There are 2 protein chains.
Amino acid sequence: MRRIVELGNAQLVECGAGGLSVREIARGLGMVSSAVYRYVRSRDELLTLLIVDAYGDLADAVDGALAEASDAPRERFTALAESMAQWAIAHPERWTLLYGTPVSGYDAPAESTNADGTRVMARMLAIAAAADADAAADAGASAGRGQGVHVTPDVRALLDAHLEEFGVESDAMAAMRAVTAWSSLVGIISAHVFRQLGADAAAIGEQILGSQTELLADLVIGR
Amino acid sequence: MRRIVELGNAQLVECGAGGLSVREIARGLGMVSSAVYRYVRSRDELLTLLIVDAYGDLADAVDGALAEASDAPRERFTALAESMAQWAIAHPERWTLLYGTPVSGYDAPAESTNADGTRVMARMLAIAAAADADAAADAGASAGRGQGVHVTPDVRALLDAHLEEFGVESDAMAAMRAVTAWSSLVGIISAHVFRQLGADAAAIGEQILGSQTELLADLVIGR
DNA sequence: AGACGTCAAGAGCAGTGCTCTCGGAATATG
DNA sequence: CATATTCCGAGAGCACTGCTCTTGACGTCT
């Protein structure tokens, strides 16, 4: 069973998500294809297995980086962003699995996925909340930074629900900044991993990522 | 030939990129699969055809929206972002084709793709440049907004090269904000199309997108 | 009229996911 | 200890995929 996800990951790095073949895994295991179906219901389930494995691995990497960071929100954000980017660069196919196209025609199995998939998001919420608290303490008058952004009641309710779910105390505005920063971060890293900015940009990708991360930090933390 | 990409697009919407089958297209055309190979070298080439078609369509949509917008940078940014999002929502599979995982194991055919693929990016650069010019005019002292962000010489050179390529006059800092906003925008839209924020967020996705777009506007335009 | 190029058909190869049945081995049960 | 039951892998097979090769029918141009 664990050998299956091992072989699956190995096959992922050399063929990509689309090239994942249960027959090939069976060959690696030295058995016939049908035998694999004892352990894994379908190719999609195998994919799901690899996805939760990757989510967990990524979240572990981020948590590791955050454990070594100070309490300063900006430093924590940078640690989160950089560890996420480094993980993506180290495992491009697994990143692809998580934040690329949902492969072929299989519906995201939210229930098995969300548990590990939201760990990083929760961290981001906490960081934005801390930054917000700091800003309010520094200058009581400047509270409400970014208030020009309109948030509908529905969205506010959803954000509050998630804040409670993750045990973070903050207001919806900070949460909005957090999820925007998170989506943006995913977009920026994907642009790098998928080489969407062109070949010459890929050569100095890390430097570009660095500047972009700073800009996003301004968005969540303020300046 | 044009019928092939028509059928390809039609098949895309109901089966996704992975389910694209030249045999199925042949069936739709009323001929046998091998006949299709007269017109299209391989499945990957067909995919490429669909990709450039989608890039062009998206850029047309954005240009159309920009044509009806005023000269105010913030309004132009919003028009760009919203038209892009609307296109993505209207054609999720084609969006997936462009900004999701590069399908299976085929290398992005940059030469055929970039021409149309960078049109939106060029628009974004122009908007950021205009915003920068406006800000400098409003208050000469506040020029250099966002100067705290560090940009390495290599990155600066690349940005300057692209600015010249697209005929936009501005400094590298504004360009950096533009590409960051662009990547972020792609990330935010993808998060919506791929439902990465959860099922309950998907229900009010447009409202969330609205707030996120405003936040990104702050990033490019300032406040 | 004859040659040439275009087009589609059909068979076929290698590969896929997946389902079924059938034996052998381990394990629990009397 | 013997028996029943469950587990696990093998193998055959179905329907499908992309793709190649050969064959034959048209139309067009010299």
Side-chain angles (χ1 to χ4, degrees), chain A residues 1-54 93-94 96-97 100-109 112-113, chain B residues 1-54 93-94 96-97 100-109 112-113:
Chain A
M1 192 66 198
R2 230 180 40 212
R3 287 228 50 203
I4 289 185
V5 330
E6 277 174 24
L7 280 172
N9 271 323
Q11 200 175 333
L12 217 56
V13 318
E14 63 181 33
C15 301
L20 214 167
S21 153
V22 358
R23 278 183 139 102
E24 184 59 38
I25 287 187
R27 274 190 282 275
L29 256 64
M31 34 187 211
V32 90
S33 79
S34 61
V36 179
Y37 285 88
R38 293 278 160 191
Y39 304 92
V40 102
R41 199 181 310 270
S42 68
R43 201 191 97 116
D44 282 0
E45 185 177 305
L46 171 59
L47 226 28
T48 304
L49 245 48
L50 295 175
I51 287 179
V52 323
D53 180 62
E93 347 65 30
R94 300 172 82 191
T96 292
L97 208 55
T101 305
V103 194
S104 74
Y106 106 121
D107 43 348
S112 1
T113 276
Chain B
M1 192 68 196
R2 228 179 44 213
R3 288 227 52 202
I4 289 185
V5 330
E6 277 174 24
L7 281 172
N9 272 323
Q11 200 175 333
L12 217 56
V13 318
E14 61 183 33
C15 301
L20 215 166
S21 151
V22 352
R23 277 181 140 102
E24 184 60 37
I25 287 186
R27 274 189 283 272
L29 256 63
M31 36 188 208
V32 91
S33 77
S34 59
V36 179
Y37 285 89
R38 293 276 156 192
Y39 305 93
V40 96
R41 200 181 310 272
S42 69
R43 201 191 97 116
D44 282 1
E45 185 176 306
L46 171 60
L47 225 31
T48 305
L49 244 48
L50 295 175
I51 288 179
V52 323
D53 180 63
E93 347 65 29
R94 300 173 81 192
T96 292
L97 209 54
T101 304
V103 194
S104 74
Y106 106 120
D107 42 349
S112 2
T113 275

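Keep in mind it's a predicted model, so treat the numbers as computed, not measured. What's counted below: heavy atoms across the whole structure, side chains too, no hydrogens, waters or symmetry copies. Chain letters run A, B, ... following the sequence lines, proteins first, then strands; residues in each count from 1.
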Next item on the list: Starting from C1' on D:dG18, measure out to CZ on B:Arg41 and report it in whole angstrom.
Entry: 16 Å

Next item on the list: Using atom CD1 of B:Ile25 as one end and atom P of C:dA8 as the other, report the distance to the nearest whole Å.
Entry: 14 Å

Next item on the list: Have a look at A:Leu46 and tell me which of A:Ile51, A:Val36, A:Val5, A:Ile4 forms a side chain to side chain contact (heavy atoms under 4.5 Å, CB included) with it.
Entry: A:Ile4

Margin query: Here's a test of your reading of the structure: between A:Arg38 and A:Ser33, which maps to the more 5' nucleotide of DNA chain D?
Written below: A:Arg38

Next item on the list: Please name the pair of heavy atoms, one in A:Arg43 and one in A:Val22, separated by the smallest distance, quoted to 0.1 Å.
Entry: CG-CG1, 4.1 Å

Check: For the pair made of CZ in B:Arg27 and C1' in D:dG18, what is the distance, rounded to whole Å?
Finding: 12 Å

Checklist line | A:Leu47 CG to C:dT16 C1', straight-line distance once rounded to whole Å | finding: 15 Å

Check: Are B:Ser34 and C:dA8 close enough that a side-chain N or O sits under 4.0 Å from OP1 or OP2?
Finding: no

Checklist line | d(CG, B:Leu29; P, C:dC7) in whole Å | finding: 13 Å

Next item on the list: Looking only at side-chain atoms of B:Ser21, point me to the closest of C:dA8, D:dT17, D:dG9.
Entry: D:dT17

Next item on the list: Using a 4.0 Å heavy-atom cut-off across all strands, classify B:Val22 as base, sugar-phosphate, or nothing.
Entry: sugar-phosphate

Notebook entry, point to check: When the nearest nucleotide of DNA chain C is assigned to B:Tyr39 and to A:Leu20 on a heavy-atom basis, which residue is associated with the more 5' position?
Noted result: B:Tyr39

Next item on the list: Send over the distance from B:Arg43 CZ to C:dG15 P, rounded to a whole Å.
Entry: 18 Å

Notebook entry, point to check: Between the side chain of A:Glu93 and the main-chain N/O of A:Glu14, is any donor-acceptor distance below 3.5 Å?
Noted result: no

Check: Atom CE of A:Met1 and atom C1' of D:dC7: how far apart are they, to the nearest Å?
Finding: 16 Å

Check: Does a side-chain N or O from A:Tyr37 land closer than 4.0 Å to OP1 or OP2 of C:dC20, or not?
Finding: no

Margin query: Quiz question: going by heavy-atom distance under 3.5 Å, is there a donor-acceptor pair between the base of C:dG15 and the side chain of A:Arg23?
Written below: no

Margin query: Could you tell me how far apart A:Met31 (CE) and D:dA12 (P) are, to the nearest whole angstrom?
Written below: 18 Å

Item checked: Nearest atoms (heavy-atom pairs only) where B:Asn9 meets B:Arg94 -> OD1-NE, 3.5 Å

Check: At what distance, to the nearest 0.5 angstrom, does CZ of B:Arg2 lie from CG of B:Leu7?
Finding: 12.5 Å

